[in-house]
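Below, read A as the first sequence line, B as the second, and so on, with proteins coming before strands; counting in each chain starts at 1.
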Number of protein chains: 2
Amino acid sequence: MADGTIYLYFKNKNDILQHFFEHKTKSVFAKFKEEVEQAGTANDKLRNLIRRHLGEFQKDRHMAIVYHVETHQNIRLMEPLIKEMAKMYLDIVSEIVEQGQQEGTMRKDLYLGLVKRYILGAVDEVINTWLHSGGKYDLVSMADPLVDLLIRGIGNFETDNETV
Amino acid sequence: MADGTIYLYFKNKNDILQHFFEHKTKSVFAKFKEEVEQAGTANDKLRNLIRRHLGEFQKDRHMAIVYHVETHQNIRLMEPLIKEMAKMYLDIVSEIVEQGQQEGTMRKDLYLGLVKRYILGAVDEVINTWLHSGGKYDLVSMADPLVDLLIRGIGNFETDNETV
DNA sequence: ACATAAAATGAATGTGCGTTCATTTTTGCG
DNA sequence: CGCAAAAATGAACGCACATTCATTTTATGT
């Protein structure tokens, strides 16, 4: 494809990014929701979500790079779209956490906005590290240890009371 | 200051960033270490570290912006310096976690490399959200709730056995 | 096979940003 | 002051990258 060809289909670079993200976002979030629906417990939903999140970014490195550059730019070309994505992620996380709270498996005293940043931040950093390693190792294998951290934290709170 | 003046002191833009980060990194990590030394328990050290981390980024918005843009660029101008910073952060986190493990307040089964991404990712995301909000609210006030999440996670593991 | 429309091409142009350097301004000292 | 050295200036340059458009290539229908 020649340099100018793309301008027959898109207005400018911003427009290209806009359409690319809009398309990709729809497709990826549909998959996220699928994963969440397929699982029963909130913990399983979170695990599936993050596995899929890492999986999709591993599968499409170009998307991963553009996403990471764009979301951390000072002046973002696609501010509204990125905000919409953040909102969608918040919704998914909220749904999972609220279910977990009803099940009694997740804490009641959680500020959902912060939990979303806590989860998305950790996932993004894992992806970022992977990207800058040149994508040598399997990204999805990070999912389970990461989810374990997200749910249990780094603190040690003995689970069994069998200490006699 | 005129456009060209800075080139009397630095070779090029890369050189400017290099020196800026080198200087800033030294100063900030010195403060981090101070915070860690001042606290007794591992939990307190982590809380101090993150308070100071958020505090320093809040105090110097320009640094925060450049840091966030640079560390997420595809081709990073200062790859080695950024890697060095990541290493320093890993060292601090490792030191804290290892102390916590000896105290019995932190889990023994932790992969330190992942814990570093888990912590740094969450902190970075909190800063990123703050930056894109225009820095309207107090960033440091996020420290305590965030540390609580990092240590305890989002899972609900009843602490008291007084049920009955 | 030919005509016409549709699509693609890539050289040329515009633009923003990093960088240079001849000139101007400021500083320090007798 | 006066004068030389040091520092600062900002117009001008160059380069990378976004964009345009006259021309060429490909597709479609009769």
Identify whether the distance between the nearest side-chain nitrogen and carboxylate oxygen of [X] and [Y] falls below 4.0 Å.
X	Y	value
Glu79(B)	Arg76(B)	yes
Glu37(A)	Lys33(A)	no
Arg117(A)	Asp124(A)	no

Check whether the side chains of [X] and [Y] place a donor and an acceptor atom closer than 3.5 Å, and report yes or no.
X	Y	result
Gln99(A)	Glu103(A)	yes
Tyr111(A)	Tyr118(A)	no
Gln58(B)	Asp138(B)	yes

- Query: Relative to each other, are the rings of Phe57(B) and His53(B) parallel, tilted or perpendicular (30° and 60° limits)?
  - Reply: tilted
- Task: Measure the acute angle between the ring planes of Phe21(A) and Tyr67(A), then classify it against the limits of 30° and 60° as parallel, tilted or perpendicular.
- Result: tilted
- Message: Does the protein touch nucleotides 9-19 of chain D at the base, only the backbone, or not at all? Give it as B, S and - per nucleotide, heavy atoms under 4.0 Å.
- Response: BB-------SB
Do any N or O atoms of the protein come closer than 3.5 Å to N or O atoms of nucleotides 22-27 of chain D, and which pairs are they?
none

- Item | Rounded interatomic separation in angstrom, taking CZ from Phe10(B) and C1' from dA7(D) | 15 Å
